[in-house]
J.: 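Once you've had a glance at the structure underneath, I'll fire off some questions.
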Amino acid sequence: MKSASEPTREPDSAIDEKLHIDGREVAIEHTSSDFDAEVASKTLSLRGFWLKAALTFVSGTGFALFGYDEGVMSALLTAGQFEKMFPEVVVDASHPNHATLQSLVAAIYEVGCLVGALSNLWIGDRLGRRKTIALGGTIMIIGAILQTASYSYAQLVVARIITGLGNGLNTSTVPTYQAECSPSGQRGGFIMLQGSLVTFGVTISYSKSNSSAQWRVPISIQIVFALIMVVSIGFLPESPRWLMKHGHEAEAMAVISAFEDKPPSDPGVQLTFHAIREAVEKEGRVTPPTNHKISEHKTAIDKGGDNVSLKELFGGGRSQNARRVVLAFTSQCFQQITGINVVILYTILFQNLGLSDVDSRIVAASMGTQYFLFSLLAIALIDRVGRRRLMLFGASGLCIVMLLLGVLGSIANKAANTAGVVLIFIYLDIFSLGWLGMTWLYPAEISGLRIRAQSTSLSTASNWIFNFVVVMVTGPSFNNISWRTYIVFAALNAFIVPCVYFFFPETSGRSLEDVDVIFALAHNEGVSPVTVSLRKDVPLAGTPEADRILGIEPRTTRNGVE
């Protein structure tokens, strides 16, 4: 006998056909005419390749803005006109405390980003992905205007915090939006492209700061990126996962159909729709469903509405939410403790290797260009090689490079300094493959639908927390322990390797709902999700086998129980 809390089935449709997808039997449901009519009314004019391209353009613009905003300030820190307006950033023998002030004006941005990311714990699921991105972009426009108009150090710091608030909202939402809209076989490449566009933004920021134009012009260019993003997002659909979670099932079906560029009756579209719907049913719908029902699964299940409690966020069971939140959080942390901001945030790093100020800027601009071009290789590799292998390769390679930089730094002659510059270029090549876009992709993939907004909010907050720490300690660290700074980061990279090997499941080639099945199966069998993720026999989400693993009641057909 079923308990009152279990879902009931209403005979709105039946499972009249069974087709095979990837060797698995999939039930295809015949829907009601009312639902079909509503789906037809929600049909999108932009479909298939062009819809994916538009989504990638908007998401990429957001991350190019992120890279530009991060790079432009670091590139301006030692620019003459900037130093004249803000003497607090000038570090010399008479003002040794200015090293901290110089670090603060760059790092305070991360504090704003942290607050913006954490705010997604409360507003992300309420507003939806599109509205949150539009809000973040609007806040960034306000912050950029205030930065451009700054006439004092304090004003600049406050404006940097405001800009960070908007960027925190964007960086904790854009990867989730892209992941929830992208097909499983293309999701990795799309989000890795976002990582590449971060480097593109950094490259532009370096090239602009070396011109004779006033420093206000490079800072104001942020407004252009933000305007493009805010205007363009209005032409895109909402995430089908968010729509389904909030009861807009017909619109969700229309969006899935548009991204796949196939009719709603297509078996692949049906499987994706059913898998998402099962995830919603398993984890609880946040709002009542629409009046039009597609199948027997249509009972709304309320587990507390929009508010995800801490107990639920860090719970166990089949969902293994706690494990997944920790994985999302640590993946973002790992990106920062690889030492990437030791390399890209300060053009003064090259001065520490013996280069002049002008040469440092030329090398920094060249570095940014190579960084962007090499990062494009990750787009081709991510779905072929897999997430785990690239992360392991990245951490191992970066550990070796940091050790070599430490050795060369201890020698500190002209030949060693030249070799050090070459190693920094190699460092960026390795980082772009292993960790650049990965840390934005993995948290969105590893988190379940119910907690995805909250989990990615926390993981993005992790990025900004450790980003802030690294940025704040870099200047003082080089001033106090010099080349030994590299040894510290070499040890941190060495620590990452076993963590990834033993605890990070592979998500390549899996739909977001397939990942739910991996964790549920691991829980049921009492084994590591890593082991299950490497198996080939894990049922596809949306199939009866997957439903049983997830603990979902078998579907009832006209001819009986499936």
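What's counted below: heavy atoms across the whole structure, side chains too, no hydrogens, waters or symmetry copies.
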J.: Can R450 and D516 be counted as an ion pair, charged N to O under 4.0 angstrom?
T.: no
J.: Using the test side-chain contact (heavy atoms from CB on, under 4.5 Å), find all partners of F393 that sit at least two apart in sequence or belong to another chain.
T.: I430, L433
J.: So does P443 get a backbone contact from the side chain of S447, meaning a donor-acceptor N/O pair under 3.5 Å?
T.: yes
J.: Please name all residues satisfying ring pair (Phe, Tyr, Trp, His ring centres under 6.0 Å) with W242, sequence neighbours left out, ordered by chain then number.
T.: H246
J.: Which residue pairs pass the salt bridge (Lys or Arg N to Asp or Glu O under 4.0 Å) test when at least one of the two sits in residues 378-393, sequence neighbours left out?
T.: D383-R387, R387-E445
J.: For R318, enumerate each residue passing the side-chain contact (heavy atoms from CB on, under 4.5 Å) test, keeping only those at least two apart in sequence or located in another chain.
T.: A520, H523, N524
J.: Show me, pair by pair, the donor-acceptor contacts under 3.5 angstrom made by side chains of residues 56-64, not counting sequence neighbours?
T.:
unit_1 : atom_1 : unit_2 : atom_2 : d
T56    : OG1    : K52    : O      : 2.8
S59    : OG     : L55    : O      : 3.0
S59    : OG     : Q178   : OE1    : 3.3
T61    : OG1    : F57    : O      : 2.7

J.: Would you indicate whether the side-chain heavy atoms of Y442 and Q332 approach each other to under 4.5 Å?
T.: no
J.: Measure from the ring center of F334 to the ring center of F466 and say whether it is less than 6.0 Å.
T.: no
J.: Strictly under 6.0 Å, is that where the ring centroids of F235 and W50 end up?
T.: no
J.: To the nearest 0.5 Å, what is the distance between CE on M244 and OG on S239?
T.: 10.0 Å
J.: Are the side chains of L458 and L313 in touch, meaning some heavy atoms are under 4.5 Å apart?
T.: yes
J.: With a 4.5 Å limit on heavy-atom distance, are the side chains of F502 and V530 in contact?
T.: no
J.: Could you list all the salt bridge (Lys or Arg N to Asp or Glu O under 4.0 Å) pairs where at least one residue sits in residues 161-178, not counting sequence neighbours?
T.: none
J.: Any non-hydrogen side-chain atom of F519 less than 4.5 Å from a side-chain atom of I446?
T.: yes
J.: Regarding E312 and N321, do their side chains bring together a donor and an acceptor under 3.5 Å, going by distance alone?
T.: no
J.: Once you round to the nearest 0.5 Å, how far does OG1 of T173 lie from CG of N120?
T.: 4.0 Å
J.: Looking only at heavy atoms, which two atoms of M391 and M438 are closest? And how far apart?
T.: CG-CG, 3.6 Å
J.: Within the structure provided, determine whether W435 and L398 are in side-chain contact (heavy-atom separation under 4.5 Å).
T.: yes
J.: With a 3.5 Å cut-off and no angle check, do the side chains of S172 and T460 form a donor-acceptor pair?
T.: no
J.: Who pairs with R129 by salt bridge (Lys or Arg N to Asp or Glu O under 4.0 Å), at least two apart in sequence or on another chain?
T.: D125, E180
J.: Test side chain to side chain contact (heavy atoms under 4.5 Å, CB included) on F225 and I221 and set out the steps.
T.: CA-CA 7 Å; F225 285 104; I221 289 176; 3.9 Å; yes
J.: Give a yes or no answer on whether the side chain of S232 reaches the backbone of I228 with a donor-acceptor pair at less than 3.5 Å.
T.: yes
J.: Under a 3.5 Å distance rule, please check whether T330 uses its side chain to pair with a backbone N or O of L327 as donor and acceptor.
T.: yes
J.: Which atom names give the shortest non-hydrogen contact between P237 and V255, and what distance separates them?
T.: CB-CG2, 3.8 Å
J.: So does R510 get a backbone contact from the side chain of R187, meaning a donor-acceptor N/O pair under 3.5 Å?
T.: yes
J.: Has S375 got a side-chain atom pairing as donor or acceptor with F372's backbone, closer than 3.5 angstrom?
T.: yes
J.: Is the shortest heavy-atom distance from the side chain of S455 to the side chain of R324 under 4.5 Å?
T.: no
J.: Just how far is it from atom CG of L376 to atom OG of S432, taken to the nearest 0.5 Å?
T.: 9.0 Å
J.: Who passes side-chain hydrogen bond (donor to acceptor under 3.5 Å, both in side chains) against N170, sequence neighbours left out?
T.: none
J.: Strictly by modelled atom types, are E278 and H274 linked by a side-chain donor-acceptor pair under 3.5 Å?
T.: yes
J.: When you measure from the side chain of S257 to the backbone of K262, do you find a donor-acceptor pair of N or O atoms at a distance under 3.5 Å?
T.: yes
J.: Quick one: pull up CG in L449 and NZ in K245 and give me the separation to the nearest 0.5 Å.
T.: 5.5 Å
J.: S462 side chain to F329 main-chain N or O, any donor-acceptor pair under 3.5 Å?
T.: yes
J.: Who are the side-chain hydrogen bond (donor to acceptor under 3.5 Å, both in side chains) partners of E506, not counting sequence neighbours?
T.: none
J.: Report the residues that fulfil salt bridge (Lys or Arg N to Asp or Glu O under 4.0 Å) with R47, sequence neighbours left out, ordered by chain and then residue number.
T.: D261
J.: What is the distance from atom CD1 of I256 to atom CD of Q270, rounded to the nearest 0.5 Å?
T.: 9.5 Å
J.: Could you give the distance from OG1 (T531) to CG (L521), rounded to the nearest 0.5 Å?
T.: 11.0 Å
J.: Would you say the side chain of I123 lies within less than 4.5 Å of the side chain of L135, judging by non-hydrogen atoms?
T.: yes
J.: Name all residues meeting the side-chain contact (heavy atoms from CB on, under 4.5 Å) criterion together with K131; count only those two or more places apart in sequence or in a different chain, and write none if there are none.
T.: L127
J.: Looking only at heavy atoms, what is the nearest atom pair of C181 and P240, with distance?
T.: SG-CD, 3.8 Å
J.: Let's go through L236 and I233 carefully: what are the C-alpha distance in whole Å and the side-chain angles of both, what is the deciding distance for side chain to side chain contact (heavy atoms under 4.5 Å, CB included) to 0.1 Å, and is it a yes or a no?
T.: CA-CA 5 Å; L236 293 178; I233 195 69; 4.2 Å; yes
J.: Applying side chain to side chain contact (heavy atoms under 4.5 Å, CB included), run through S119 and L169 and close with a yes or a no.
T.: CA-CA 7 Å; S119 67; L169 283 171; 3.2 Å; yes
J.: Keeping the roles fixed (side chain from S331, backbone from A328), state whether a donor-acceptor pair exists under 3.5 Å.
T.: yes
J.: Show your working on side chain to side chain donor-acceptor pair (under 3.5 Å) between Y109 and N167 and close with a plain yes or no.
T.: CA-CA 9 Å; Y109 173 73; N167 192 56; 3.0 Å; yes
J.: Compare all side-chain heavy atoms of W122 with those of Q454 and state whether any distance is below 4.5 angstrom.
T.: no
J.: Only counting residues at least two apart or in another chain, list the ones meeting side-chain contact (heavy atoms from CB on, under 4.5 Å) with A541.
T.: A275, S511, E513, D514, V517
